[in-house]
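Below is one structure; the comments refer to it alone.
The structure displayed is predicted, hence computed values, not measured ones.
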Amino acid sequence: MIVYQKSKAEFREDVFSNNVENIIQAQVLQKLGKRTAQSEINSWRNSMQYMDRVLSDSQIPEDSGVSIEYQLPYSGLRIDFVLTGQDDSGTDKAIIIELKQWSTTTATDQDGVVATFLGRGIQEVNHPSYQAWSYAAYLEGFNETVYEENIKLLPCAYLHNHSDDGVLTSGQYAGYVEKAPLFFKSDAAKLRDFIREHVKQGDRTGIMYRIDGGRIKPSKQLAEALAGLLKGKQEFILLDEQKVVYETARKLAAKATNDNKQVLIVRGGPGTGKTVVAINLLVALTKQPLNAKYISRNSAPRHVYKRKLTGTMRGSRFDSLFVGSGGFTKTSDNTFDALIVDEAHRLNEKSGIYRNLGENQIKEIITSARCSIFFLDENQRIAVQDIGSEDEIRHWAAQAGAEVHVKDLHSQFRCNGSDAYMAWLDSVLDIRETANPTLDATDYDFKVVETPDELQQLIYKKNALNNRARMAAGYCWKWNSKKDDKKMDFQLSPTFQHRWNLSKYGNNWIDDPGSVTEVGCIHTTQGLELDYIGVIIGPDLVVRDGQVITDAMARAGADKTVEKKRELMKSAEGRTLLDEVIKNTYRTLMTRAMKGCYVYCTDPETAAYLRRRTTQPS
């Protein structure tokens, strides 16, 4: 949406009036219905003064277009500043300028992420070149006007308070800086020359109005490139019933309309290939071409499967296809052709950091798309806030007048394909009664170890094969290393001294070779798989006289999955919910691996119980 759009001459008059920040503020309120914090108003006042100086050059046409706070379609993201016009040959050009008030930054270990002072402290944020480039990539890949009418987008960033100290242009960020040049405090003349080079004539074709009216659908080039990434990748080949689910979903997405909304619920346990089908669907629907997105509440699966697909952890033009579940609170009805929701059991009611946005994520997803596809395993709901259930989906589908279809994925490709192990696990954790009270001999390598050191050595040994083994635990230990990476969170023996997964690995913890010495949690492992996993069962789940007992109070205070546990403990319903969350957490952790699971229990009686329920000697 266009918030502020004027000619260069009119923009300079607004700056000269010493009122440009209030003019922009009024437009944001009128067009977007948003009130603006004083800090953002101050940033407009400052940054627009700098842009006015850059544009004061007479060689930059007076009738060039200036757009400020342009909101990207179907997104809450806004582009700070866009200058539009034509070059010597009459080609339409739009220079996207990301403006920053920063004066200092530090590098991080994460791709395209830097740290700077914002508000009241240091925060990790996108590198400005990555940010500007990602906006351009989104428009180039999905705005039909941009790619059909050959509008050239030129992203860059202007940090008018920041000296070039080498941090933002260092090697790890060089690829993004090449895509979107950086201009620093002393580079006003360079930015002016960059604009001069590309905008020789004014905006005579209403470039931003045409972009704003452009239909959002994936370009043929992007769709074909995405499909090409999938070819030959063994982990994405569809087998048996996976192909049936895939074809059903494609058919429903093709026939769905505004008045004939379709909802598909795909039920499947751990290792049945839900994510494999979801990624294949994203590729196929994009190629059709339909406007589709892959959604997961947990960010780790999005990042890991995007990397598996693209072969890189760096940002790519496909980033906007992988989104979180909380981004649809203000999306218009039927904006998307299809939304593919992986790990749908993790959906929440409210969205936002403080869970104060929107009404219900399931409702918002169904409302936003003509076809919604939910991949679901209710036994992997691992937080009290998780509302993803078949009943909840059916409820909101009925409210939207959508037709509901259900498919099942039965074949189990994880845990060495051992349905017996899966059934035994449900029995031994007292999740449900099964015909497998004892884990008899299977090809799946399951063992209850006696010491944490044994667990550690087994995982190290297995990881040496192909970097596919990790340790994980229930959230019973404080995460002290989050603020001080010299501290150890796990001190289970003199030689078992480990940290929780370090922030520096971000969402790629499960893949990074250096992370084998750390202990993962449910958030960095759910929805993903390994060859071997070592699970530490803490005091939140113990066995007494053969009875499985859970204790939410043994969880660390920072554990949000058992939020308001003291209040919930006061009612039978609340205690049942907490019991389910803890058992599901360990069930989920103990089904992450293809070939083997090794368990260490901090409680000896619990370890003895697990051994008795296997063929392993006590």
Side-chain angles (χ1 to χ4, degrees), residues 1-5 24 40 43-44 46-48 50-51 54-55 60 64-85 92-103 105 107-108 110-116 118 123-143 146-147 151-162 164 167-170 172-185 187-188 190-199 207-208 211-212 222 314-320:
M1 176 181 289
I2 296 174
V3 174
Y4 174 109
Q5 212 287 322
I24 298 170
E40 189 170 7
S43 72
W44 287 331
N46 296 331
S47 290
M48 297 313 148
Y50 284 97
M51 284 307 303
V54 170
L55 296 180
I60 300 173
S64 302
V66 170
S67 298
I68 299 172
E69 297 296 330
Y70 175 68
Q71 182 167 293
L72 290 168
Y74 308 154
S75 164
L77 303 173
R78 286 183 271 164
I79 300 176
D80 292 337
F81 199 98
V82 185
L83 188 82
T84 52
D92 291 329
K93 292 194 171 181
I95 300 176
I96 293 172
I97 306 173
E98 183 64 25
L99 298 169
K100 297 297 183 190
Q101 304 286 316
W102 311 344
S103 56
T105 50
T108 73
Q110 300 177 58
D111 173 56
V113 174
V114 298
T116 191
L118 290 176
Q123 295 186 34
E124 292 183 341
V125 293
N126 284 329
H127 187 287
S129 289
Y130 172 85
Q131 195 171 352
W133 163 76
S134 68
Y135 295 159
Y138 177 81
L139 291 171
E140 288 168 341
F142 295 93
N143 189 293
V146 172
Y147 61 75
I151 297 174
K152 299 297 183 185
L153 305 182
L154 301 154
C156 65
Y158 183 28
L159 286 71
H160 46 74
N161 296 329
H162 198 303
D164 183 4
V167 173
L168 291 171
T169 53
S170 61
Q172 69 187 96
Y173 304 122
Y176 295 124
V177 175
E178 185 177 350
K179 294 173 181 177
L182 278 179
F183 299 98
F184 291 98
K185 185 176 182 178
D187 292 337
K190 291 180 181 178
L191 176 57
R192 178 200 64 197
D193 293 343
F194 179 77
I195 294 170
R196 277 180 179 177
E197 178 186 351
H198 295 286
V199 177
I207 295 170
M208 287 307 297
I211 290 175
D212 194 49
L222 181 138
R314 298 186 69 81
S316 73
R317 54 181 164 159
F318 308 112
D319 285 8
S320 60

Practice item. Measure the SG-CZ distance between Cys156 and Phe194 for me, rounded to the nearest 0.5 Å. Key: 5.0 Å
Point to revise | Non-neighbouring partners of Gln110 that pass side-chain hydrogen bond (donor to acceptor under 3.5 Å, both in side chains), sequence neighbours left out | key: Glu124
Review point. Would you say the side chain of Leu118 lies within less than 4.5 Å of the side chain of Trp102, judging by non-hydrogen atoms?
Key: yes
Check your understanding: Is it true that His127 and Tyr176 have ring centroids separated by less than 6.0 Å?
Key -> no
Check your understanding: For the atom pair OG (Ser47) and CG (Asn161), what is the distance rounded to the nearest 0.5 Å?
Key -> 7.5 Å
Study note, to complete from the structure: Of all heavy-atom pairs linking Val82 and Ala94, the shortest is CG1-CB, 4.0 Å
Review point. Do any N or O atoms from the side chain of Thr105 and from the backbone of Thr116 form a donor-acceptor pair under 3.5 angstrom?
Key: no
**Study point:** Student check: side-chain heavy atoms of Asp80 and Ile97 closer than 4.5 Å
**Key:** no
Practice item. Could you check Leu222 against Phe318 for side-chain contact (heavy atoms from CB on, under 4.5 Å), going step by step and ending with a plain yes or no? Key: CA-CA 8 Å; Leu222 181 138; Phe318 308 112; 4.0 Å; yes
Exercise for review: List in chain and number order the residues that pass side-chain hydrogen bond (donor to acceptor under 3.5 Å, both in side chains) with Lys100, two or more places apart in sequence or in another chain; answer none if no residue qualifies.
Suggested key: Glu98, Gln131
Practice item. Not counting sequence neighbours, which residues clear side-chain hydrogen bond (donor to acceptor under 3.5 Å, both in side chains) with Thr84? List them please. Key: Asp203
Exercise for review: Starting from the C-alpha separation in whole Å, work towards a yes-or-no answer on side-chain contact (heavy atoms from CB on, under 4.5 Å) for Met48 and Leu99.
Suggested key: CA-CA 9 Å; Met48 297 313 148; Leu99 298 169; 4.0 Å; yes
Review point. What heavy-atom pair brings Pro181 and Pro155 nearest, and what distance separates the two atoms?
Key: CD-O, 3.2 Å
Check your understanding: Does any non-hydrogen side-chain atom of Leu182 lie less than 4.5 Å from one of Tyr173?
Key -> no
Check your understanding: Sub-3.5 Å donor-acceptor pair from the side chain of Gln101 to the main-chain atoms of Glu40, do we have one?
Key -> no
Check your understanding: Leu168 versus His162: any side-chain heavy-atom pair under 4.5 Å?
Key -> yes
Check your understanding: Rounded to the nearest 0.5 Å, how far apart are CD1 of Ile195 and CG of Leu154?
Key -> 10.5 Å
**Study point:** Side chain to side chain, Leu139 and Leu72, heavy atoms closer than 4.5 Å
**Key:** yes
Review point. How many angstroms lie between CH2 in Trp133 and CD in Glu140, if you round to the nearest 0.5 Å?
Key: 9.5 Å
Check your understanding: Would you call the rings of His160 and Tyr50 parallel, tilted or perpendicular if under 30° counts as parallel and over 60° as perpendicular?
Key -> parallel
**Study point:** Ile2/Tyr70 under side-chain contact (heavy atoms from CB on, under 4.5 Å): CA gap, chis, key distance, verdict
**Key:** CA-CA 5 Å; Ile2 296 174; Tyr70 175 68; 3.9 Å; yes
Check your understanding: Nearest heavy-atom pair of Ile207 and Ile151: which atoms, and what distance?
Key -> CG2-CG2, 4.1 Å
Review point. Do Lys190 and Asp193 sit within salt-bridge range, that is, some charged N less than 4.0 Å from a carboxylate O?
Key: no
Check your understanding: Got a donor-acceptor contact below 3.5 angstrom from the Thr108 side chain to the Val113 backbone?
Key -> yes
Exercise for review: Could you check if a side-chain atom of Tyr158 sits within less than 4.5 angstrom of a side-chain atom of Pro128, using non-hydrogen atoms only?
Suggested key: no
Check your understanding: With a 4.5 Å heavy-atom cut-off, do Val66 and Leu83 have their side chains touching?
Key -> yes
Practice item. Compute whether any side-chain donor of one residue and acceptor of the other, for Tyr130 and Asp111, lie under 3.5 angstrom apart. Key: no
Review point. What do the steps show when you test Val167 against Val114 for side-chain contact (heavy atoms from CB on, under 4.5 Å), and what is the final call?
Key: CA-CA 9 Å; Val167 173; Val114 298; 5.7 Å; no
